[in-house]
Amino acid sequence: MVLVGVVLFVAVVSIVFAVKGKQGGKEGSAEASGTTAAQETTMPETELVREVSVNGISITGMNQTAAKQVLLDAYPWSMQIQNGEERYPVGNLLEQKIDGLLAQIYSDEKPEEAYTLDTAGLEEAAAAEAAALAQAWDKKAKNGSISSFDKDSGKFVFSGAESGVEVDQEKTAADILAALSQQKFDAVIPATLRQVAPEFDEASARERYKTVSTFTTNTTANSKRNTNIRLASQAIDGHVLQPGEEFSFNDVVGPRTEAKGYQPAAAYNNGEVVQEYGGGVCQVSTTLYNAVLQAGLKTTVRRSHTYEPSYVTPGMDATVSYGGPDYKFVNNSDTAVGIRASYGNQVVTVSIYAIPILESGVKYSLKSEKLKDADPPAPVYEEDQTLQPGEEKVKSKGSIGSQWETRLVVTKNGEVVSQEVDHRTSYKGHAPVILRNTSGVVVPAEGAETTPAETIIPSEGAGDGIVPGTEGGSTQPGAESTESSEASGNNVPGNNGPGTGSEEKPKAPSEAAEPTIAPNTGGPGGGSPAPAETISGQAPGAGGPGGAGGGENVVAPNPLGNQ
């Protein structure tokens, strides 16, 4: 009995010391590695202990990853769809079945000894492969259409129709399933394609194409500004836009430089009137914008001027500046569209030549209403020592700002279908300029330059918005804001907005500016309260009225010339 007791005592002591030693080892290891005993460890994948096989292939003693690789090696996949020399690899659909079967085996506590890898139930996967093939190989039929413009003849060039091709997806999916069922995982399946005829040929296209919209605006008699308008009109004339293609005014017209013949025209720089090359081309982008809207094409980028335009109703303008604001639209129709643009007799005309985009009887237009006037900016004071101390004299009256709301009006057969708000715009006013003498020194008027009673306030409607080197197109650090605009020198009775004022010095008769053409009221126009400086994307298909500002002897360009 004593001997038994001693043996039990020794056994208990040994167990206690063994446990403590083991715990101490763990603690020391944890301290040495900087980790905690509670830290999780990655458990290895379970290996099959039981005898298990798939299609006679043993996976005993393997984890799931190893078992998958063994089966993939046993059934190599190289199925393809062939069309002539072109081949399309079909995704390994068998891999999906292997993954599903192994997930079942390794989740079962007591898996069976033998399993069969079948190929049933892959209909959706085969259909998806057929759809992917169609996306890669389908080619749309091409209808007869305009493809380019011949400047010499003044006519659009038509190209013939082309048949398309499409994959027979139903037949392709069935062929994939058939190869699977026969375990032909290396099958090369002949493609099943069918021809797709175009809707109309070249001859039919010539009959379908027509001028779907035309918009005109009037210019001043300023020869330099009109030269810029003519050059910009020529740059976009005849441009062809394919379906889905986007038009960029700045990209198509390019830099407005002296080398290209552009002339200096009045512009704003820190509130001062300066001369900038290309002043006036905004009238071309504005005219184009309205023709695009009326046609039912989708404007993607447009920005209003800072100040109210003079040649269209506020809100219907689209300012541009190379390196800065741009005007863009996309051809959202199914066929190519062409642009015709011309300048003559102080009239800018832009037309869109296309197969009608809008439904028969449907028309788009813009209706703009002024919401309110805005106070002019605070006066700017200039020193004039010819004045008596305390005396003030108005050099420029300035102008008030305004806010406009523009609605997209959709009519069908003359009846209004909808007139939702399209955009809002805020236009700034011009700061009055006041002369005064705060120096206390009076200089005799005979020894000073004569200052006109009022200086010119250019009309923003003719300008480029912001020129390079400024906001949206800065090329130098700290470049000041410069806004290009026409200086028309117009005096319109009762007009308190931009464009009023008199020239600083008289011009020769050939350069004298004629009275400003009042904003067109022959059709709805648009402006807006969202800040004028922000980019405004238009609703798809939004269109503006045509013929705004048109005058006598205005002839829209004929897209087909003498055809």
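Just so you know, residue 1 is the first one in the sequence shown, and it goes up from there.
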Undergrad: For side chain to side chain donor-acceptor pair (under 3.5 Å), just list the numbers for E308 and S402, CA-CA rounded to whole Å, side-chain angles, deciding distance to a tenth of an Å, and then say yes or no.
TA: CA-CA 8 Å; E308 283 190 5; S402 60; 2.3 Å; yes

Undergrad: For residues P389 and G440, report the shortest heavy-atom separation together with the two atoms involved.
TA: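 Closest approach of P389 to G440, heavy atoms only: CG-CA, 4.3 Å.
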
Undergrad: Just verifying a value: how many Å separate K393 NZ and I434 CD1, rounded to the nearest 0.5 Å?
TA: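 CD1 of I434 is found 11.5 Å from NZ of K393.
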
Undergrad: Per the salt bridge (Lys or Arg N to Asp or Glu O under 4.0 Å) rule, what does the pair list look like for residues 343-353, sequence neighbours excluded?
TA: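 For residues 343-353: none.
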
Undergrad: Which salt bridge (Lys or Arg N to Asp or Glu O under 4.0 Å) pairs, counting each pair once, include a residue from residues 346-366, with sequence neighbours left out?
TA: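 Non-adjacent pairs meeting salt bridge (Lys or Arg N to Asp or Glu O under 4.0 Å): E359-K412.
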
Undergrad: Check whether any side-chain heavy atom of V253 sits under 4.5 Å from a side-chain heavy atom of V281, and report yes or no.
TA: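 Answer no - side chains too far apart.
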
Undergrad: Judged by atom type as modelled, is there a donor-acceptor pair below 3.5 Å linking the side chain of E383 to the main-chain atoms of T438?
TA: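 Confirmed, E383 side chain pairs with T438 backbone.
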
Undergrad: Under 3.5 Å, is there a donor on one side chain and an acceptor on the other for S439 and Q385?
TA: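 A donor-acceptor contact under 3.5 Å links the two side chains.
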
Undergrad: Would you say the side chains of T335 and S145 form a donor-acceptor pair under 3.5 Å?
TA: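 No, S145 and T335 have no side-chain donor paired with an acceptor closer than 3.5 Å.
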
Undergrad: A quick test of your reading: do over 12 heavy atoms of other residues, nucleotides or ligands sit less than 6.0 Å from CG of D150?
TA: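 More than 12 heavy atoms, drawn from other residues, nucleotides or ligands, come within 6.0 Å of this atom.
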
Undergrad: Checking T286 side chain against A318 main chain: does a donor-acceptor pair fall under 3.5 Å?
TA: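 It does hold such a pair.
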
Undergrad: Between T299 and Y327, do the side chains contain a donor N or O and an acceptor N or O under 3.5 Å apart?
TA: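 Yes, a side-chain donor-acceptor pair sits under 3.5 Å.
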
Undergrad: What pairs with K142 under side-chain hydrogen bond (donor to acceptor under 3.5 Å, both in side chains), at least two apart in sequence or on another chain?
TA: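 Counting only residues at least two positions away or on another chain, K142 forms no side-chain hydrogen bond (donor to acceptor under 3.5 Å, both in side chains).
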
Undergrad: With no hydrogens and no angle check, is any side-chain donor or acceptor of D422 less than 3.5 Å from a backbone partner on L408?
TA: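 Between the backbone of L408 and the side chain of D422 there is no qualifying donor-acceptor contact (under 3.5 Å).
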
Undergrad: Closest approach of D373 and I400, non-hydrogen atoms and distance?
TA: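 Closest heavy-atom pair between D373 and I400: CG-CD1, 3.4 Å.
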
Undergrad: Salt-bridge test for D237 and R340: reply yes if a basic N is under 4.0 Å from a carboxylate O, no otherwise.
TA: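 Between R340 and D237 there is a salt bridge, with a charged N closer than 4.0 Å to a carboxylate O.
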
Undergrad: So, do V416 and T411 sit near enough that their side-chain heavy atoms are less than 4.5 Å apart?
TA: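 Yes, close enough: below the 4.5 Å cut-off.
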
Undergrad: Taking only residues two or more places apart in sequence, or in another chain, which ones meet F249 in a ring pair (Phe, Tyr, Trp, His ring centres under 6.0 Å)?
TA: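 Listed in chain order: nothing, the list is empty.
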
Undergrad: Hey, does the side chain of S148 reach the backbone of V157 with a donor-acceptor pair shorter than 3.5 angstrom?
TA: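 Such a contact is absent between S148 side chain and V157 backbone.
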
Undergrad: What closest approach, in Å, do K367 and V409 show between heavy atoms, and which atom pair accounts for it?
TA: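 Closest heavy-atom pair between K367 and V409: CB-CG2, 3.7 Å.
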
Undergrad: Any side-chain to backbone donor/acceptor pair from N290 onto F215? Under 3.5 Å, distance only.
TA: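 Not a single qualifying donor-acceptor pair exists.
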
Undergrad: Would a distance-only check, ignoring hydrogens and angles, find a side-chain to backbone donor-acceptor pair under 3.5 Å from N331 to L241?
TA: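 Pair found, side chain donor or acceptor close to backbone of L241.
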
Undergrad: May I ask you to decide if I355's main-chain N or O and R208's side chain share a donor-acceptor pair within less than 3.5 Å?
TA: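 Judged by distance alone, no pair lies under 3.5 Å.
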
Undergrad: Got a second to check how far S342's OG is from Q234's CD, nearest 0.5 Å?
TA: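 It comes to 10.0 Å.
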
Undergrad: Here's one to test your reading of the geometry: is the NZ or CZ of R436 within 45 degrees of the ring axis of Y381 and under 6.0 Å from its centre?
TA: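 Judged by the rule (NZ or CZ under 6.0 Å from the ring centre, within 45° of its axis), R436 counts as positioned above Y381.
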
Undergrad: Given the rule in the side chain to side chain contact (heavy atoms under 4.5 Å, CB included) test, do Y289 and V350 qualify, once you have shown the distances and angles that lead to the verdict?
TA: CA-CA 9 Å; Y289 162 57; V350 177; over 6 Å; no

Undergrad: Enter the distance from D317:CG to S285:OG here, rounded to the nearest 0.5 Å.
TA: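 Answer rounded to 0.5 Å: 8.5 Å.
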
Undergrad: Would you find a donor on one side and an acceptor on the other, under 3.5 Å apart, between the side chain of D384 and the backbone of L435?
TA: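 It does not hold such a pair.
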
Undergrad: Which residues satisfy the ring pair (Phe, Tyr, Trp, His ring centres under 6.0 Å) test with F200, sequence neighbours excluded?
TA: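 In terms of ring pair (Phe, Tyr, Trp, His ring centres under 6.0 Å), with neighbours along the sequence ignored, F200 is linked to no residue.
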
Undergrad: Of all the heavy-atom pairs spanning S368 and T406, show the shortest one and how long it is.
TA: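 For S368 versus T406, the nearest heavy atoms are OG-OG1, 3.4 Å.
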
Undergrad: Using the side chain to side chain donor-acceptor pair (under 3.5 Å) rule, take R302 and T300 through it: C-alpha gap first, then chi angles, then the decisive distance, then the call.
TA: CA-CA 7 Å; R302 167 199 163 267; T300 52; over 6 Å; no

Undergrad: Within a strict 4.5 Å, meaning less than it, do heavy atoms of the L297 and V330 side chains meet?
TA: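 Side-chain contact under 4.5 Å: no.
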
Undergrad: To the nearest 0.5 Å, what is the distance between CG (N226) and CG (L231)?
TA: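 Those atoms lie 11.0 Å apart.
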
Undergrad: Between E391 and N437 (side chain of the first, backbone of the second, donor and acceptor by atom type, cut-off under 3.5 Å), is there such a pair?
TA: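 Looks like no, no N/O pair under 3.5 Å.
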
Undergrad: Does P309 reach the side chain of P314, with side-chain heavy atoms less than 4.5 Å apart?
TA: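 With C-beta onward as the side chain, the pair touches.
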
Undergrad: Got a sec, which residues hit ring pair (Phe, Tyr, Trp, His ring centres under 6.0 Å) with F329, two or more places apart in sequence or on another chain?
TA: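 Partners of F329 under the ring pair (Phe, Tyr, Trp, His ring centres under 6.0 Å) test: F247.
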
Undergrad: Using a 4.5 Å cut-off on heavy atoms from C-beta on, say whether the side chain of K428 contacts that of P377.
TA: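 Sidechains of K428 and P377: no contact.
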
Undergrad: Between D326 and N250 (side chain of the first, backbone of the second, donor and acceptor by atom type, cut-off under 3.5 Å), is there such a pair?
TA: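 Answer holds: yes.
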
Undergrad: Can you tell me if CD on Q419 sees more than 12 non-hydrogen neighbours from other groups inside 6.0 Å?
TA: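 Yes, the 6.0 Å shell around CD holds more than 12 heavy atoms from other groups.
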
Undergrad: May I ask you to check whether F149 and F156 place their ring centers less than 6.0 Å from one another?
TA: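 Centroid separation for F149 and F156: below 6.0 Å.
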
Undergrad: Testing the basics here: between A161 and G144, what is the closest heavy-atom pair and its distance to 0.1 Å?
TA: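 Looking at all heavy atoms of both residues, the closest pair is CB-N, 3.6 Å.
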
